[in-house]
Amino acid sequence: MILEVQGLTKRFALHELGRTVDAFADLEFTLSAGEFLLVAGGNGVGKSTLLRTLYRTYRASSGAAFYNSHRGRIDLTRAADVDIVLLRREELGFVTQFLRPRPRVSALELVAEPLLFAGVRQEEALRRSSESLELFGLKRELWEAYPSTFSGGEQQKVNLARALIQPRRLLLLDEPTASLDATARAALRERLAALKAEGMAMIGVLHHPEDATGLLDREIRLEAPSGSDARLLEALEADYVA
Amino acid sequence: MTTFSADFSTRASQPPIQLEPPRLEIAQPILEVRDLNKSYGSVRALEEVSLELYPREVLGVVGESGSGKSTLLRVLNLEEQPEGGEYHLGIPPYEGRNLLQLERFERRALRVKHIGIVYQNPHLGLRMNNTSSGNVAERLVIAGERRFHALRAAARGSLEVSEFPISRMDDPPRKLSGGMQQRVQLAKAIALKPALLLLDEPTTGLDVSVQALVLDTLRRLQRDLGIAMLVVSHDLGVIRTLSDRVVVMRHGRVVESGLTDQVLEDPQHPYTQQLVHAKL
């Protein structure tokens with residue numbers, strides 16, 4: 001078992017408005033190595049909030065999420081910040097559709113960066129970076145260019161190439177395919193299938209679940225709890241910058 | 001049901017779930033301060049401030065002017081003596097000692113060798129009329145190096161790592177742009193490969209595009225050299241770019257601490273919520 005979620009509840013306390021917003025309450029599910037769990041439900045029911053709560057971008061209000069790390073079992077809702085930093089570096093991944101390009105950092109470098117932070121040598125990191133860009137179909141002449149100048153679709157390819165360059169033990173996917181072309185979507189499916197076969201567990205919020213046909217094992221359906229506010233929750237989620 | 005009040009009392013926020021002490025991270029903190037207090041007359045600049053920094057980590061300190069963040073940095077750089085508290089660095093032979101009790105000469109030796117600092121104002125960190133290479137070499141001279149070629153090579157190496165244009169290494173800082181002056185400060189700060197790098201608003205006042213490049217250099221440096229860094233800034237963008245964790249200060253107190261993305265996306269304390277939303 002990779003993950004055991006028990007009674008997980010997220011409620012935002014908005015001090016300025018003097019009110020709370022419930023995102024989800026009492027969630028229970030488990031996830032094993034190599035499994036892909038789809039998070040389904042309508043707009044504003046807290047699907048993204050669930051992923052962010054597991055990644056600890058959001059603090060849970062109650063409940064637990066026991067994660068079996070290589071280094072031991074730990075509750076993600078209570079783990080020390082430095083432990084989460086460590087897990088994010090080594091085991092936990094989060095993929096969105098947004099790339100944060102930086103001025104004068106080439107696509108090749110940007111994709112290689114997670115490997116460099118993990119201590120992989122420059123030459124090896126750049127080689128794997130080019131493989132990853134190749135897989136997602138970014139044109140070769142763009143590899144040395146700066147992604148800040150790219151179109152949305154090209155930026156997404158760089159984003160996926162970067163996010164999926166390292167194997168993760170648990171990967172959280174938040175609508176990663178929004179404006180991707182068919183080739184890149186097929187590449188994503190292929191890459192996820194390979195990582196899944198190696199035992200990577202995944203939890204995904206997918207705009208087009210058909211992108212993951214044949215990979216999905218189970219789904220949980222979120223429904224708005226009483227005390228929720230779909231519009232406010234969507235606004236909170238939209239503030240997010242990966 | 002969570003209760004909250006609109007007033008920003010100085011009590012720490014009540015997070016929904018109390019966090020556990022580190023269990024997976026087995027390294028000891030490289031820096032640890034406990035219960036720092038400092039007043040200027042009736043103004044409490046630091047009140048019971050405690051924090052730790054782990055090896056290879058970047059910790060951000062945010063707050064508005066008057067929050068105590070600059071005082072904290074001066075205390076960590078041993079420039080300022082607080083009224084009470086403890087300060088430990090996990091560096092031999094200082095391990096286990098409260099650095100606030102060091103003799104003056106020991107304090108200076110520790111600073112030169114193990115702590116680098118970059119100030120917002122380059123005049124504080126550089127001799128503006130000396131050559132840039134000379135500024136960098138100065139630290140090595142203080143540490144005992146006297147051979148001209150060794151000094152020059154080390155200064156050059158340090159400037160290169162800081163992505164300073166080497167053709168200008170003998171220009172005095174007063175002739176350089178703001179971004180380049182910060183690179184000279186950085187080269188000087190890392191010349192002796194310190195265990196700790198302190199950054200005081202390192203890019204404030206620079207053009208946005210120059211700021212992005214200097215931040216990129218800092219990230220690369222941190223990645224390649226693995227120096228633990230503490231960066232003080234009022235700019236949440238700088239903090240987001242550089243730091244893994246962040247502490248939020250107000251009126252000399254730490255009101256909230258957490259992962260950088262968590263503090264910015266799901267702030268718990270009323271003051272942090274106001275601070276974050278003011279910048280959106």
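Lettering follows sequence order; numbering is per chain, from 1.
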Just wondering, are more than 12 heavy atoms of other shown residues or ligands nearer than 6.0 Å to CD in B:Q28? no
Whatever's closer than 4.5 Å to a heavy atom in chain B on A:A60 counts as both
Counting heavy-atom pairs under 4.5 Å to chain A, which of B:E25, B:R223, B:E20, B:R220 comes out on top? B:R223
Under a 4.5 Å heavy-atom cut-off, does chain B meet the side chain of A:F12, its backbone, both or neither? side chain
With a 4.5 Å cut-off on heavy-atom pairs, point out which of B:I26, B:L213, B:D244 contacts chain A the most. B:L213
Which heavy atom in A:R73 sits nearest to a heavy atom in B:R23, and how many Å separate them? O-NH2, 3.2 Å
If one checks every heavy atom of A:T77 against chain B at 4.5 Å, the contacting part turns out to be both
Which atoms of A:L86 are under 4.5 Å from chain B, going by heavy atoms: the side chain, the backbone, both sets, or neither? side chain
More than 12 heavy atoms of other residues, nucleotides or ligands under 6.0 Å from CD of B:E95: is that the case? yes
Sort B:R245 into side chain, backbone, both or neither according to what part of it lies under 4.5 angstrom from a heavy atom of chain A. side chain
What part of B:E52 is in contact with chain A, defined as an atom under 4.5 angstrom from a non-hydrogen atom: side chain, backbone, both or neither? neither
For the residue pair B:L24 and A:S69, what are the closest heavy atoms and their distance? CD1-OG, 4.3 Å
Name the option with the most non-hydrogen atom pairs under 4.5 Å to chain A; the candidates are B:R56, B:E57, B:R219. B:R219
Quick check on the interface: out of B:S209, B:G258, B:A212, who has the most heavy-atom pairs with chain A under 4.5 Å? B:G258
Partner of B:D261 under side-chain hydrogen bond (donor to acceptor under 3.5 Å, both in side chains), picked from A:R56, A:R52, A:R88, is A:R88
Presence of salt bridge, B:E163 and A:R104, under 4.0 angstrom: no
Under 4.5 Å from a heavy atom of chain B, the part of A:E109 involved: side chain
Are A:V85 and B:L259 packed together at the side-chain level, in the sense that at least one heavy-atom pair is separated by less than 4.5 angstrom? yes
Gap between atom CD1 of A:I84 and atom CD of B:Q262 - 0.5 Å precision: 10.5 Å
Exceeds 12 heavy-atom contacts within 6.0 angstrom, atom CD of A:E223: no
What part of A:R102 gets within 4.5 angstrom of chain B, counting heavy atoms only: side chain, backbone, both, or neither? side chain
Counting distance only, does the side-chain N/O of A:R59 pair as donor-acceptor with the main-chain N or O of B:I17 below 3.5 Å? yes
Quick one: what part of B:P21 sits under 4.5 Å from any heavy atom of chain A, side chain, backbone, both or neither? backbone
